[in-house]
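Shown next, in structure tokens, is the structure this report addresses.
None of these values were measured; they are calculated from a predicted model.
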Amino acid sequence: MKTNYLKWLSFSCAIWLVVCGCSRMESEHKDVPKVPESFQFMDIGANTVIDSGVRDRLREALGPGAVDPHSTIDLELKYKGFLKTYYPELARVNQRLNINDVVRKEYPATRLTFRNARQRDSVFDYVEVIYDDESGCPLLIKTIAKREIPGLIRPLEDKYGEPDKISISQGKSWSLSWRKNGDVFVIARIMGRYDLPEHHMMILYLNRLEQMLSRLTGDETREERPAGDAFL
């Protein structure tokens, strides 16, 4: 009887620690400094805190996902060198985040990766969300759709205006980009295997990224040009 009581007490204490721990983690993000709003994906914007409710909503829409704490941050799209060729300003930001190819640079950020989104009738095959651990707000969102997506561009033009357009591979592929309040949204239509189109999309919250980098005192990144300056 006494043994059962002790087991029940230990279980209750464990549950209490989990609940209190989660509450403490969520409460840490209550007073997050606001930044200008820009682009959204599934109702996630620059000031959205990726809390348990948002994570649950993503899992419900996209299926089970992997969690990678202390994540790397790679802005590259489709293949290495794409940014250097078509978006050199973003390539410089990516170089700042990844000093070299030998040392794996990790940040106080968490990556959520959803690789089976199509099973939930999503238009995307892959979704990646990286958010700052301290603020809880997104730094980077990437998606991949390995098919044509009719009606994708018009709603974005209606919401964000006319994009800058780059022709790729003699017009077979293209890339569109929008800039708003310092943040960047890129969509690249690139021919993949068997000459089938792939749509690679990225929302880069540069304001949030700069906030995170500015906290890393003593890090070599503080000696580099601020990420936001690339668009001034």
Side-chain angles (χ1 to χ4, degrees), residues 33 35-36 38-39 41 44-46 50 66-113 126-144 160 163-169 173-192 198-232:
V35 297
S38 55
F39 307 105
F41 173 77
I44 295 175
I50 312 295
V67 180
D68 181 13
H70 302 291
S71 174
T72 58
I73 303 177
D74 186 4
L75 310 185
E76 198 62 85
L77 292 174
K78 180 60 178 177
Y79 56 84
K80 185 176 180 180
F82 178 87
L83 293 181
K84 185 177 182 180
T85 301
Y86 300 107
Y87 297 97
E89 73 279 17
L90 294 183
R92 290 193 293 270
V93 177
N94 200 38
Q95 179 62 41
R96 183 183 175 205
L97 292 166
N98 302 279
I99 304 302
N100 58 61
D101 296 329
V102 178
V103 179
R104 174 183 166 91
K105 180 66 176 178
E106 296 182 342
Y107 291 92
T110 297
R111 184 204 323 267
L112 306 177
T113 305
Y126 173 89
V127 176
E128 173 185 310
V129 178
I130 300 179
Y131 62 90
D132 178 17
D133 288 341
E134 181 165 314
S135 70
C137 294
L139 304 170
L140 175 69
I141 297 176
K142 282 185 176 181
T143 69
I144 301 175
Y160 301 124
D164 293 328
K165 186 171 183 176
I166 298 173
S167 180
I168 302 173
S169 301
S173 301
W174 44 256
S175 185
L176 307 178
S177 63
W178 290 264
R179 288 162 174 76
K180 184 176 181 181
N181 293 331
D183 296 339
V184 184
F185 184 5
V186 176
I187 299 179
R189 181 185 187 273
I190 304 171
M191 305 311 292
E198 298 180 1
H199 290 83
H200 294 253
M201 290 164 266
M202 174 175 68
I203 299 177
L204 176 58
Y205 296 102
L206 273 170
N207 295 310
R208 288 296 182 190
L209 182 64
E210 182 59 32
Q211 279 187 349
M212 184 194 70
L213 292 176
S214 68
R215 295 198 314 265
L216 303 180
T217 56
D219 191 279
E220 64 273 349
T221 55
R222 288 184 61 85
E223 301 176 3
E224 299 288 336
R225 184 184 179 191
D229 288 359
F231 297 93
L232 296 179

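- By the ring pair (Phe, Tyr, Trp, His ring centres under 6.0 Å) test, Tyr126 pairs with no residue at all, sequence neighbours left out.
- A salt bridge between Glu89 and Arg179 is present, with a side-chain N of the basic residue lying under 4.0 Å from a carboxylate O of the acidic one.
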Start with the C-alpha distance between Leu75 and Val93, add both sets of side-chain angles, then the distance that settles side chain to side chain contact (heavy atoms under 4.5 Å, CB included), and finish with yes or no.
-> CA-CA 8 Å; Leu75 310 185; Val93 177; 3.8 Å; yes

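- Between Arg215 and Glu210 there is no salt bridge, since no side-chain nitrogen of the basic residue lies less than 4.0 Å from a carboxylate oxygen of the acidic one.
- Closest non-hydrogen pair, Asp133 versus Ala109, comes out as OD2-N, 3.3 Å.
- Residues Cys137 and Tyr205 form no side-chain contact, since every pair of their non-hydrogen atoms from C-beta on lies 4.5 Å or further apart.
- Ring geometry for Tyr79 against Phe82 counts as perpendicular: the plane angle is over 60°, on a 0 to 90° scale with 30° as the lower cut.
- Side-chain atoms of Asn207 and Asn181 include no donor-acceptor pair closer than 3.5 Å.
- With sequence neighbours excluded, the residues that form a ring pair (Phe, Tyr, Trp, His ring centres under 6.0 Å) with Phe41 are Phe124.
- By the side chain to side chain donor-acceptor pair (under 3.5 Å) test, His200 is found to be paired with Glu198, residues two or more places apart in sequence or in another chain being considered.
- Two residues are said to be in side-chain contact when any heavy atoms from C-beta on lie closer than 4.5 Å; Tyr107 and Leu97 meet this criterion.
- For the salt bridge (charged side-chain N to carboxylate O under 4.0 Å, His left out) test, no residue two or more places apart in sequence or in another chain qualifies with Lys180.
- Tyr160 and Phe185 have perpendicular rings, their planes meeting at more than 60° on a 0 to 90° scale where under 30° would count as parallel.
- Partners of Lys80 under the side chain to side chain donor-acceptor pair (under 3.5 Å) rule, at least two apart in sequence or in another chain, are Asp101.
- Under the 4.5 Å side-chain criterion, counting only non-hydrogen atoms from C-beta, Ile187 is not in contact with Ser175.
- With sequence neighbours left out, the side-chain contact (heavy atoms from CB on, under 4.5 Å) criterion links Glu106 to His70, Thr72, Arg104.
- When all heavy atoms of Asp132 and Pro108 are compared, the pair lying nearest together is OD1-O, 3.4 Å.
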